[in-house]
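Keep in mind that the numbers below use all heavy atoms, side chains included, and drop hydrogens, waters and symmetry copies. The sequence lines fix the lettering, A, B, ..., with proteins before strands; numbering per chain opens at 1. Because the structure is predicted, anything quoted here is derived from the model rather than measured.
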Number of protein chains: 2
Amino acid sequence: MPPRKRADAVRNEQTLLAAAAEVFVRSGVDAPIREIAAEAGVGMGTIYRHFPTRADLVVAVYRHQVEACAEAGPALLSEEDSPLAALRRWVDLFVDFLVTKHGLANALQSDSSGFESLHAYFLDRLGPVCGELLDAAVQAGEIREGIQPYELMRGIGNLCIGRGDDPRYDPRRLITLLLNGLSAGAGPGDR
Amino acid sequence: MPPRKRADAVRNEQTLLAAAAEVFVRSGVDAPIREIAAEAGVGMGTIYRHFPTRADLVVAVYRHQVEACAEAGPALLSEEDSPLAALRRWVDLFVDFLVTKHGLANALQSDSSGFESLHAYFLDRLGPVCGELLDAAVQAGEIREGIQPYELMRGIGNLCIGRGDDPRYDPRRLITLLLNGLSAGAGPGDR
DNA sequence: GAACGATACGGAGCGCTGTTCCGCTTTGTC
DNA sequence: GACAAAGCGGAACAGCGCTCCGTATCGTTC
């Protein structure tokens with residue numbers, strides 16, 4: 001066995017993933033390495049040691065975010081007051097994650113097979129989580145039934161395409177409207 | 001009326017278009033501005049004056065190339081010994097042009113409507129030219145009939161996708177094979 | 001052809017970026 | 001506590017986009 005990694009290295013890797021995720025949301029996946037290093041409070045050498053290329057970093061953040069998003073689903077369900085509130089907060093996390101996801105295609109440039117498998121992983125992992133949130137909200141009578149997880153995730157994903165082009169376009173506002181539409185008139189008496 | 005442009009400015013613009021086309025083929029559409037300036041033998045200021053953004057330059061080269069390619073069709077037909085030879089040389093020009101075309105999407109970033117119209121212009125202008133070359137070669141019994149201009153152009157275009165990724169992949173070699181296949185066994189006795 | 005604005009040119013210079021490299025620090029082990 | 005080994009930080013270098021302004025060229029007028 002190769003001797004296991006040093007504790008500080010492990011720590012730094014986690015810090016970097018979190019910092020990169022944050023910076024990606026703020027400045028896009030093409031953000032300067034310096035900015036990510038500063039956000040994480042580490043040197044640039046550290047980033048290059050952990051993630052030799054930008055694609056490595058983007059992929060790592062992607063996996064990390066998928067995982068975080070997946071784990072956040074059940075957690076939010078239990079800590080929020082209502083399933084709908086949990087769903088709203090989950091969607092918010094999901095939107096942040098989409099920056100990374102949309103940057104992935106460029107970062108991987110022409111490795112379309114790698115992209116496919118990462119995309120499949122995304123669907124397998126997040127689809128059920130989103131489904132749980134939707135079911136719970138339906139059970140609680142907070143949203144109308146009938147919408148599929150894939151449909152919602154895809155719709156949100158599409159609303160976020162091209163974000164940043166034009167300051168007048170704010171995907172989050174539209175997504176809020178979408179969710180409002182989903183809950184409108186969905187009381188117990190609804191059919 | 002604004003006074004017409006100075007002679008040297010017009011000359012430089014033409015020189016730049018030719019130089020940029022050349023450099024795009026050699027180094028891709030992301031080639032450093034300095035390299036294009038050097039190729040054209042002008043200063044960088046001159047490029048920025050004529051084409052404030054990279055997209056402006058790419059679009060201008062694109063139009064210029066479409067035009068050149070369109071005019072080259074009939075010219076080659078009359079100066080080459082056979083229609084097939086003319087077709088081969090035309091395809092060669094076309095392949096060079098595709099570098100610019102494929103770079104266009106990135107250069108325009110998110111202006112998809114601008115891209116659409118440029119693409120339509122491309123089809124309208126070059127489709128008929130390609131058709132003429134194909135017809136002439138068929139008439140001369142040099143290639144089999146039945147292939148459509150759009151089909152050929154699209155096929156060649158697709159073969160050129162991702163060029164430069166991998167030195168082992170040479171689109172021109174495959175395109176040569178394609179043309180050989182088009183002419184194989186297309187003698188007068190063929191039916 | 002001489003003189004003179006207007007126009008265009010060239011390239012040094014600035015600021016920002018990716019990437020490397022090596023002296024220094026921290027960690028785990030004996 | 002001592003000492004490799006592993007890891008870290010960030011100065012330094014190189015390449016790039018873009019601007020700015022002194023200089024050269026052009027077109028016009030006499």
Side-chain angles (χ1 to χ4, degrees), chain A residues 1-20 22-24 26-61 99-100 103-104 106-109 164, chain B residues 1-20 22-61 99-100 103-104 106-111 164-165:
Chain A
M1 284 303 89
R4 69 184 208 293
K5 279 212 272 195
R6 265 171 51 168
D8 56 346
V10 175
R11 234 190 352 250
N12 269 321
E13 190 158 333
Q14 292 305 309
T15 310
L16 271 174
L17 287 176
E22 170 111 9
V23 172
F24 286 172
R26 185 170 64 233
S27 313
V29 279
D30 290 328
I33 299 289
R34 274 173 177 72
E35 186 176 344
I36 298 169
E39 174 75 32
V42 305
M44 287 176 301
T46 303
I47 294 191
Y48 280 100
R49 196 164 318 100
H50 286 287
F51 310 103
T53 73
R54 187 178 284 272
D56 292 330
L57 177 58
V58 175
V59 169
V61 170
V99 173
T100 306
L104 197 65
N106 289 320
L108 260 53
Q109 210 47 16
Chain B
M1 286 301 92
R4 69 184 206 293
K5 279 211 275 194
R6 262 171 55 167
D8 57 345
V10 175
R11 220 176 325 124
N12 269 321
E13 188 159 333
Q14 292 305 310
T15 309
L16 272 175
L17 286 175
E22 171 110 8
V23 172
F24 285 173
V25 171
R26 186 169 62 234
S27 313
V29 279
D30 289 327
I33 299 289
R34 274 173 176 74
E35 186 177 343
I36 299 169
E39 174 75 32
V42 304
M44 285 177 304
T46 302
I47 295 192
Y48 282 101
R49 198 164 317 99
H50 286 287
F51 310 102
T53 73
R54 186 177 284 272
D56 292 330
L57 178 58
V58 175
V59 168
V61 170
V99 173
T100 307
L104 198 64
N106 288 320
L108 261 53
Q109 210 50 11
S110 55
D111 181 1
D165 293 10

> Between atom CD of B/Glu35 and atom CZ of B/Arg26, what is the distance when rounded to the nearest 0.5 Å?
Replying inline: 5.0 Å
> Is any side-chain N or O of A/His50 closer than 4.0 Å to OP1 or OP2 of D/dC8?
Replying inline: yes
>> Can you measure B/Ile33 atom CD1 to C/dG11 atom P for me and round it to whole angstrom units?
In response: 16 Å
>> Assuming nearest nucleotide by heavy-atom distance, tell me which of B/Ala7 and B/Pro52 is located more 5' along DNA chain D.
In response: B/Pro52
> Within less than 4.0 Å of OP1 or OP2 of C/dA8, is there a side-chain N or O belonging to B/Thr46?
Replying inline: no
>> Without decimals, in angstroms, what is the distance between B/Arg54 CZ and D/dT19 P?
In response: 14 Å
> Which residue, B/Arg34 or B/Asp8, contacts DNA chain C at a nucleotide closer to its 5' end, judged by nearest heavy atom?
Replying inline: B/Asp8
>> Please check this pair: side chain of A/Arg49 against backbone of A/Ala9, looking for a donor-acceptor N/O pair closer than 3.5 Å.
In response: no
> To the nearest Å, how far apart are B/Arg49 CZ and C/dG10 C1'?
Replying inline: 9 Å
>> Counting only side-chain nitrogens and oxygens, does B/Asn12 get under 4.0 Å of the OP1 or OP2 atom of C/dA8?
In response: no
>> So for A/Arg6 and D/dA6, does any side-chain atom that can act as donor or acceptor lie under 3.5 Å from a complementary atom in the base?
In response: yes
> Please give, in whole Å, the distance from D/dC8 P to A/Phe51 CZ?
Replying inline: 11 Å
> Going from CD on A/Gln14 to NE2 on A/His50, what distance comes out if it is rounded to the nearest 0.5 angstrom?
Replying inline: 10.0 Å
> Given that A/Met44 and A/Ala9 both sit by DNA chain D, which one's nearest nucleotide is further toward the 5' end?
Replying inline: A/Ala9
> What is the distance, rounded to the nearest whole Å, between atom CD1 of B/Ile47 and atom P of D/dC16?
Replying inline: 13 Å
> Rounded to whole angstrom units, what separation is found between the OH atom of A/Tyr48 and the C1' atom of D/dG10?
Replying inline: 13 Å
>> How many whole angstroms separate atom CG of A/Asp30 from atom P of C/dC16?
In response: 18 Å
>> Any donor-acceptor pair under 3.5 Å linking the side-chain atoms of A/Asn12 with those of A/Thr15?
In response: no
>> Any side-chain N or O of A/Arg11 below 4.0 angstrom from OP1/OP2 of C/dT27?
In response: yes
>> Using every non-hydrogen atom in the two residues, find where B/Ile36 and B/Ala31 come nearest and quote the distance to one decimal.
In response: CD1-O, 4.4 Å
> B/Ile36 has an atom CD1; how far is it from atom C1' of D/dC18, in whole Å?
Replying inline: 14 Å
